[in-house]
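Read the structure below first, then the notes.
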Amino acid sequence: MKYESLNMTDFERVSDLGLVVVASLSFPIEVIDRDPKDAPRVSFLFKKTPALQGLIQAYWNGQLSCEPQELLNQLKKIKSRIYNDQWIC
């Protein structure tokens with residue numbers, strides 16, 4: 001999928017690492033974007049769905065619970081993808 005050809009209204013841009021980890025347990029990351037103007041910051045694009053919107057709301061309201069090992073393993077995978085430039089546009 002080419003980043004330039006994406007209709008950004010169809011995607012939720014997330015840069016909070018905790019939210020990315022939680023969301024990626026249930027929703028696929030479509031694109032990882034590194035803005036050259038904000039070099040250390042990485043954004044993750046998820047396809048916008050009502051279920052994703054509900055998860056984001058629950059995350060910010062402190063209404064989620066996750067299995068700690070699953071969460072930490074997912075964090076390792078996300079960091080690996082960032083540092084290996086996997087899927088980064």
* To do: Please round to the nearest 0.5 Å and tell me the distance separating atom OG of Ser43 and atom CD1 of Ile32.
  => 10.5 Å

* State, with a plain yes or no, whether a side-chain heavy atom of Asp33 is found less than 4.5 Å away from one of Arg13. => yes

* Qualifying side-chain hydrogen bond (donor to acceptor under 3.5 Å, both in side chains) pairs, either residue in residues 51-61, two or more places apart -> Glu12-Gln53, Asp16-Tyr59

* Asked: If you take all heavy atoms of Phe27 and Phe46, which pair is closest and at what distance?
  -> O-CE2, 3.6 Å

* Asked: Are Ile78 and Phe44 close enough that some pair of their side-chain heavy atoms sits under 4.5 Å apart?
  -> yes

* **Any Val20 side-chain heavy atom under 4.5 Å of Val42 side chain** => no

* To do: Kindly indicate whether the side chain of Leu55, heavy atoms from C-beta on, has any atom under 4.5 Å from the side chain of Leu19.
  => yes

* Would you list the pairs meeting side-chain hydrogen bond (donor to acceptor under 3.5 Å, both in side chains) in which at least one residue belongs to residues 62-76, sequence neighbours left out? => Ser24-Gln74

* **By side chain to side chain donor-acceptor pair (under 3.5 Å) - contacts of Thr49 (at least two apart)** => none

* Using the six-membered ring of Phe11, assess whether NZ or CZ of Lys47 lies under 6.0 Å from its centre and within 45 degrees of the ring axis. => yes

* To do: Applying side chain to side chain contact (heavy atoms under 4.5 Å, CB included), run through Leu45 and Ile29 and close with a yes or a no.
  => CA-CA 6 Å; Leu45 301 181; Ile29 297 170; over 6 Å; no

